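Everything on this sheet refers to the single structure shown next.
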Amino acid sequence: MTETAEAAVAADETDALSTLEQEGEIAADYLEGLLDIADLDGDIDMDVEGDRASVSIISEDEGRELQKLVGRDGEVLEALQELTRLAVHRETGDRSRLMLDIAGFRARKRGQLVELANKAVEEVEQSGEPKKLKPMTPFERKVVHDAVKAAGLRSESEGEEPERCVVVLPA
């Protein structure tokens with residue numbers, strides 16, 4: 001690669017990072033307003049993970065109050081993530097893939113899903129038969145696909161929302 005091409009790639013990566021940081025800042029402002037309206041305490045943590053902005057709402061009291069924003073099985077969290085993405089879209093004009101976590105819910109869920117994926121991989125390796133998992137949200141399916149790929153097997157999604165699920169396939 002020439003020096004000019006390397007400089008162009010570096011500039012593109014810097015622009016992409018800057019855009020993702022801007023998404024995080026817009027999301028943080030939106031969520032700060034939401035916390036004020038709901039009269040909830042929480043700190044906003046922003047990061048860039050891979051190719052998406054990541055925003056977390058954390059609390060010193062183990063997030064007991066914030067559980068209201070997670071809801072049963074993360075349903076409220078999913079809705080808040082979509083609203084936050086819409087707020088970012090309104091400001092930037094671009095579709096956002098921002099991830100929102102509240103009180104560590106997604107982090108814990110990610111750990112459980114990796115464990116589920118690893119068990120499914122073991123079963124498929126032993127039986128040689130595909131294993132169909134229960135229906136999952138897009139976030140959950142992505143975590144499982146990544147874990148299956150990391151274990152050296154293949155997976156695919158099948159079905160229609162909200163019954164879309166992951167099938168782990170033999171090598």
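All figures in this text were calculated on a predicted structure; none of them were measured in a lab.
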Residues forming a side chain to side chain donor-acceptor pair (under 3.5 Å) with Glu125, sequence neighbours excluded: none
Connected via hydrophobic side-chain network under 4.5 Å: Val70 and Met99: no
Would you sort out whether Leu77 and Leu69 count as a side chain to side chain contact (heavy atoms under 4.5 Å, CB included), showing the intermediate values? CA-CA 6 Å; Leu77 171 58; Leu69 299 179; over 6 Å; no
When the side chains of residues 111-124 are checked against the rest of the protein, which donor-acceptor pairs come out under 3.5 Å, sequence neighbours left out?
| residue | atom | partner | partner atom | Å |
| --- | --- | --- | --- | --- |
| Asn118 | ND2 | Val114 | O | 3.3 |
| Glu123 | OE1 | Lys131 | NZ | 3.4 |

Hey, mind stepping through Leu17 and Glu21 against side chain to side chain contact (heavy atoms under 4.5 Å, CB included) and telling me if it holds? CA-CA 6 Å; Leu17 182 61; Glu21 288 172 345; 3.8 Å; yes
If I compare all heavy atoms of Ala87 with all of Tyr30, which pair ends up nearest, and what's the gap? CB-CD1, 3.6 Å
Dump the intermediate steps for side chain to side chain contact (heavy atoms under 4.5 Å, CB included) on Leu98 and Val55, then the final yes or no. CA-CA 7 Å; Leu98 175 127; Val55 178; 3.7 Å; yes
Under the side chain to side chain donor-acceptor pair (under 3.5 Å) test, residues paired with Arg164 that sit two or more places apart: none
All pairs passing salt bridge (charged side-chain N to carboxylate O under 4.0 Å, His left out) where residues 25-40 contributes a residue, at least two apart: none
Any salt bridge (charged side-chain N to carboxylate O under 4.0 Å, His left out) involving residues 134-143? Give me the pairs, sequence neighbours left out, ordered by first then second residue. Lys109-Glu140, Arg141-Glu161, Lys142-Asp146
According to the salt bridge (charged side-chain N to carboxylate O under 4.0 Å, His left out) rule, which pairs have a member within residues 41-54, sequence neighbours left out? Asp51-Arg97
Which residues pass the side chain to side chain donor-acceptor pair (under 3.5 Å) test with Glu163, not counting sequence neighbours? none
Got a sec, which hydrophobics cluster with Val88, joining ILVMFWY side chains under 4.5 Å apart, including via others? Ile26
All heavy atoms of Asp101 vs all of Ala107, minimum pair found to be OD2-N, 3.4 Å
Hydrophobic cluster (4.5 angstrom, side-chain heavy atoms) - remaining members for Ile37: none
Atom of Met46, atom of Ala28 and distance for their closest heavy-atom approach: SD-CB, 3.7 Å
Under 4.5 Å between side-chain heavy atoms, hopping through other hydrophobics if needed: is there a path connecting Leu100 to Ile44? yes
In residues 151-158, what donor-acceptor pairs under 3.5 Å come from side-chain atoms, sequence neighbours left out?
| residue | atom | partner | partner atom | Å |
| --- | --- | --- | --- | --- |
| Ser155 | OG | His145 | ND1 | 2.5 |
| Ser157 | OG | His145 | NE2 | 2.8 |
| Glu158 | OE2 | Lys132 | NZ | 3.2 |

Phe139 and Gln81: side chain to side chain contact (heavy atoms under 4.5 Å, CB included), yes or no, with the steps? CA-CA 11 Å; Phe139 161 76; Gln81 177 175 276; 6.0 Å; no
Excluding sequence neighbours, so at least two apart, what forms side chain to side chain donor-acceptor pair (under 3.5 Å) with Arg72? Glu75
If you compare all heavy atoms of Pro135 against all heavy atoms of Pro162, which two are closest, and at what distance to 0.1 Å? CB-O, 3.7 Å
Using atom types as modelled and distance alone, determine if a side-chain donor or acceptor of Ser56 lies under 3.5 Å from a backbone N or O of Ile58. no
What residues, two or more places apart in sequence or in another chain, satisfy side chain to side chain contact (heavy atoms under 4.5 Å, CB included) together with Val76? Leu80
